[in-house]
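Take a look at the structure below.
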Number of protein chains: 2
Amino acid sequence: MVPSTTEYESLLRDAELRVTRPRLAVLGAVYENPHADTNSIIEAVRQDLPEVSHQAVYDVLRAFTSAGLIRHIQPPGSVARYESRVGDNHHHIVCRSCGAIADVDCAVGHAPCLTASEDHGYVIDEAEVVYRGLCPDCAAKPNPDQSPRKESRV
Amino acid sequence: MVPSTTEYESLLRDAELRVTRPRLAVLGAVYENPHADTNSIIEAVRQDLPEVSHQAVYDVLRAFTSAGLIRHIQPPGSVARYESRVGDNHHHIVCRSCGAIADVDCAVGHAPCLTASEDHGYVIDEAEVVYRGLCPDCAAKPNPDQSPRKESRV
DNA sequence: TTCTTTACTTGACTGGTTCAAGAAAAGCGC
DNA sequence: GCGCTTTTCTTGAACCAGTCAAGTAAAGAA
């Protein structure tokens, strides 16, 4: 599931991106921490490379996103998050209580809900679905504090 | 479509909210400017009441949202927006080019896509769909600048 | 190894949103 | 209407994710 350093290097070269220590570390952090926010990624990267600046991580994440290596998601009420699963049109479910995020595959057929009943003349090319509800942990405890935690616990 | 001042007052009283001039103005602004962001609402309110503080508008919008009078939406890459259409499970289409937002009714049946193929043990109670594409205007001009404008042009 | 290009560091800054304390107004009972 | 209590609004500061800008360092090509 999680590639090796050599594989990360190939991923970068295939995307015509330069191979640097910060980039390998960021790519590894995104693969090992699904749906992590930028701050978590910075912390993970600094386990290996303590001197990496936050700006470098922001730059690298943006470069990876526009190269299609990773995906940038932004659940309502949350800061930006990143994931390594790309190109398969999956969606997300967000826990109302703790903010945990899980992947959800398409419900109906290959591209569900892509046909809106009334498109107002828009040319629609993509539909993203965000499910909301309670994760197994929060559903178990009846009424804990309702405030979402900052950390995802996927 | 757009209620009168008296009707706004009834809406507030029915929701057990105090009736004040700022609140009437904010409610009117949300009804008259669908999908407006907070700043646009502040500007609209100040047409009537030039002295209203931004903080009051933030407070009022939050009070209305938790009372269910209006709905708070947060399209990826955009600031918070508000709309008066509540309780009918509709979705939104966002123009990639200019950021315009339009309402879209449910595509399939009453609550489409609510059945995920694999729910990871989550208790799902809502699905929100964000369609992406080009609005009629932007689809007409082949290649304008791709940067979204700040203002919605709905 | 040298050179050019791209990436990274440093430090300041922006803008939407929130916090906190006090003044003003709404709505209740009289 | 009149005062009293509670909620709302004003004022002003603060927060924080993310961005900008200038200069240094490193990658990769020749």
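In the text below, chain A, chain B and the rest are named by the order of the sequence lines, each starting its count at 1.
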If you restrict it to nitrogen or oxygen atoms, what contacts under 3.5 Å exist between nucleotides 7-11 of chain C and the protein, and what is each distance?
unit_1, atom_1, unit_2, atom_2, d
C/dA7, OP1, A/Arg23, NH1, 3.1
C/dA7, OP1, A/Arg23, NH2, 2.8
C/dA7, O5', A/Arg23, NH2, 3.4
C/dC8, OP1, A/Thr20, OG1, 2.7
C/dT9, OP1, A/Glu51, O, 3.2
C/dT9, OP2, A/Ser53, N, 2.9
C/dT9, OP2, A/Ser53, OG, 2.7

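For B/Ala25, the side-chain contact (heavy atoms from CB on, under 4.5 Å) partners two or more places apart in sequence, or in a different chain, are B/Val45, B/Leu49.
B/His120 places a side-chain N or O within 3.5 Å of a backbone atom of A/Asp103 that can act as its donor or acceptor partner.
Proximity of B/Ser97 to B/Cys135: side-chain heavy atoms (C-beta onward) are nowhere separated by under 4.5 Å. Under the 4.5 Å side-chain criterion, counting only non-hydrogen atoms from C-beta, B/Ile70 is in contact with B/Leu61. When side chains are defined from C-beta on, A/Val129 does not count as touching B/Val130, because their heavy atoms never get closer than 4.5 Å.
Each end of the helix from C/dT1-D/dA30 to C/dC30-D/dG1 gets its own axis from five base pairs, and the two axes differ in direction by 40°, given to 10 degrees.
Remark: P of C/dA26 and CD of B/Glu16 are 19 Å apart, rounded to the nearest angstrom. Between the CG atom of B/Leu27 and the P atom of D/dT8 there is a distance of 15 Å, rounded to whole Å. One atom, OH of B/Tyr82, and another, C1' of C/dT17, lie 9 Å apart when rounded to the nearest Å. Between A/Leu61 atom CG and D/dT19 atom P there is a gap of 11 Å when expressed in whole angstrom units. Atom-to-atom, CZ of A/Arg62 to P of D/dA17 comes out at 17 Å; the value is rounded to the nearest Å.
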Show me the donor-acceptor pairs within less than 3.5 Å that the side chains of residues 6-22 of chain A make with the rest of the protein, sequence neighbours left out.
unit_1, atom_1, unit_2, atom_2, d
A/Glu7, OE1, A/Ser4, N, 2.6
A/Glu7, OE1, A/Ser4, OG, 3.3
A/Glu9, OE2, A/Arg13, NH2, 3.0
A/Ser10, OG, A/Thr6, O, 3.0
A/Thr20, OG1, A/Arg23, N, 3.2

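Under the side-chain hydrogen bond (donor to acceptor under 3.5 Å, both in side chains) criterion, the residue pairs touching residues 60-75 of chain B are B/Arg71-B/Glu83, with sequence neighbours excluded. Each side-chain hydrogen bond (donor to acceptor under 3.5 Å, both in side chains) pair with one or both residues in residues 46-61 of chain A, not counting sequence neighbours, would appear here, but there are none.
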